Number of protein chains: 2
Amino acid sequence: MPIRASTEARLLDAADELFFSRGIAATPVDAVLARAGVSAATLYRGYPSKEALVAAVLERRHRVWLEEWDRAIAAQESHEGRLLAVFDALDTFRARPIGSRWCAFLGAAAEYADAPAEIARAVRQDTDTMRARLAGLAAAVDARRADELADQLLLVVTGDLAMRLRSPGHTTATARSVAAALLAR
Amino acid sequence: MPIRASTEARLLDAADELFFSRGIAATPVDAVLARAGVSAATLYRGYPSKEALVAAVLERRHRVWLEEWDRAIAAQESHEGRLLAVFDALDTFRARPIGSRWCAFLGAAAEYADAPAEIARAVRQDTDTMRARLAGLAAAVDARRADELADQLLLVVTGDLAMRLRSPGHTTATARSVAAALLAR
DNA sequence: GTCTATATGCGGATAGAC
DNA sequence: GTCTATCCGCATATAGAC
């Protein structure tokens with residue numbers, strides 16, 4: 001028998017919030033269960049392990065992030081605006097009620113030296129999708145250096161995310177200024 | 001009675017290698033002791049806790065990093081070269097026998113949602129020193145935007161470090177090209 | 001679906017003998 | 001300085017009653 005939809009949503013919400021704000025290893029399964037009001041039996045009927053739950057939350061987060069990014073792109077009317085929309089998406093994504101301390105995917109990658117296959121796959125998918133999307137948007141701005149621009153912007157976005165570890169109050173302002181310099185070349 | 005110097009060096013080397021390549025939480029104290037050939041009693045006579053050992057290793061690493069950076073700066077003959085020397089230092093630092101998977105300081109910050117005071121201090125010191133040094137070097141290149149350049153370059157360096165989590169074979173090439181765009185403005 | 005209890009293993013830290 | 005044993009707490013995962 002599958003887990004009831006509302007129960008599963010509570011479980012994923014709790015896991016999302018706790019894993020990525022306090023850390024995966026630092027969050028006992030019990031804490032997730034308590035926050036979700038779900039019993040251990042229910043969790044382990046739906047997921048074979050804690051790691052499977054982590055992977056499931058990462059996949060849901062990835063879908064939500066892409067939707068947010070799509071909205072930010074759609075709101076722009078120039079090729080350049082659409083390429084830079086990733087920073088708008090970062091701002092709105094960060095303002096969501098279910099937050100994370102810096103980046104769920106980089107955080108997961110950082111916590112596991114040898115990540116379980118399902119988690120490694122989720123992280124890889126995030127990176128691959130980011131790079132591919134940026135390259136597609138960059139091609140409309142300057143086709144000759146689309147891949148180069150994508151790699152550069154991915155580094156800038158990643159830097160912006162990781163800067164949150166250094167300065168809690170970090171904003172996307174610096175990343176935006178670096179991106180502007182890249183486009184001005 | 002203090003720990004003998006050679007014993008302490010073995011302990012710090014083992015901790016350095018394991019904590020920052022496999023992860024702090026993922027590395028049991030026993031693994032460090034086994035690698036160093038040191039007994040638990042000796043460790044706990046020199047350090048009150050595992051966290052104190054982590055902080056000690058971070059501090060040593062910080063000193064070594066600054067020396068490496070100094071050498072890279074000294075090898076340059078232009079203001080611009082000295083500002084960009086941070087990337088040369090990153091390359092040589094990465095090639096050392098005792099490596100880390102991405103960045104020891106960011107890794108420590110990522111692992112602790114509420115870092116012990118000693119560890120938080122080490123991470124903060126790394127960030128503060130980086131920013132201050134970059135600002136000093138940037139002032140010689142363009143005094144009017146020294147602070148802005150420092151913030152931008154710190155983000156680029158941080159992005160380069162975090163990109164290692166996404167792509168294991170990552171090099172400083174992309175970061176260098178972004179830095180070049182920043183200086184070309 | 002929940003609750004409580006529990007099997008099982010591991011990690012940090014300490015104590016005593018040598 | 002090392003070795004061995006051990007206390008203690010915690011975390012994942014499971015089982016049984018309701």
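Residue numbers start from 1 in every chain, and the chains themselves are labelled A, B, ... in the order their sequence lines are given, proteins ahead of strands. Quantities reported herein were computed from a predicted structural model and do not represent experimental measurements.
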When you measure from the side chain of Val38(B), which nucleotide among dT2(C), dA13(C), dT2(D) comes out closest?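 Closest nucleotide among those given: dT2(D).
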Given dG1(C), dT14(D), dT12(D), the nucleotide with the shortest approach to the side chain of Ala40(A): dT14(D)
When you check the phosphate oxygens OP1 and OP2 of dA13(C), does a side-chain N or O of Tyr44(B) lie under 4.0 Å from one of them?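 For Tyr44(B), the contact criterion (side-chain N or O under 4.0 Å from OP1 or OP2 of dA13(C)) is met.
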Nearest atoms (heavy-atom pairs only) where Ala14(B) meets Val32(B): CB-O, 3.7 Å
Could you give the [atom1]-to-[atom2] distance, from [X] to [N], as a whole number of Å?
| X | N | atom1 | atom2 | result |
| --- | --- | --- | --- | --- |
| Leu43(B) | dG11(C) | CG | P | 15 Å |
| Phe19(A) | dA11(D) | CZ | P | 12 Å |
| Leu33(B) | dA5(D) | CG | C1' | 16 Å |
| Asp30(B) | dG12(C) | CG | C1' | 8 Å |
| Ile24(B) | dG12(C) | CD1 | C1' | 15 Å |
| Glu111(B) | dG11(C) | CD | C1' | 15 Å |
| Arg45(B) | dT14(C) | CZ | P | 13 Å |

Taking side chain to side chain contact (heavy atoms under 4.5 Å, CB included) as the criterion, tell me which of Asp88(B), Leu84(B), Leu83(B), Leu137(B) meets it with Gln76(B).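 So, applying the side chain to side chain contact (heavy atoms under 4.5 Å, CB included) to Gln76(B) and each of Asp88(B), Leu84(B), Leu83(B), Leu137(B), only Asp88(B) qualifies.
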Within this structure, what is the CD1-OH distance for the pair Ile3(A) and Tyr44(A), rounded to the nearest 0.5 Å?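 The OH atom of Tyr44(A) is 12.0 Å from CD1 of Ile3(A), to the nearest 0.5 Å.
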Gap separating the CG atom of Leu154(A) from the OG atom of Ser167(B), nearest 0.5 angstrom: 7.0 Å
Are Arg145(B) and Asp151(B) close enough for a salt bridge, meaning some N to O gap below 4.0 Å? no
Determine, for Asp16(A) against Arg35(A), whether the closest basic-nitrogen to carboxylate-oxygen distance falls under 4.0 angstrom. no
What contact category does Thr27(A) fall into here, base, sugar-phosphate, or nothing, at under 4.0 angstrom with non-hydrogen atoms? sugar-phosphate
Strand-adjacent residues in residues 47-59 of chain B, judged by heavy atoms under 4.0 Å from DNA chain C: Ser49(B), Lys50(B)
Could you list all the side chain to side chain donor-acceptor pair (under 3.5 Å) pairs where at least one residue sits in residues 93-112 of chain A, not counting sequence neighbours?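 Output for this query lists Arg94(A)-Asp160(A).
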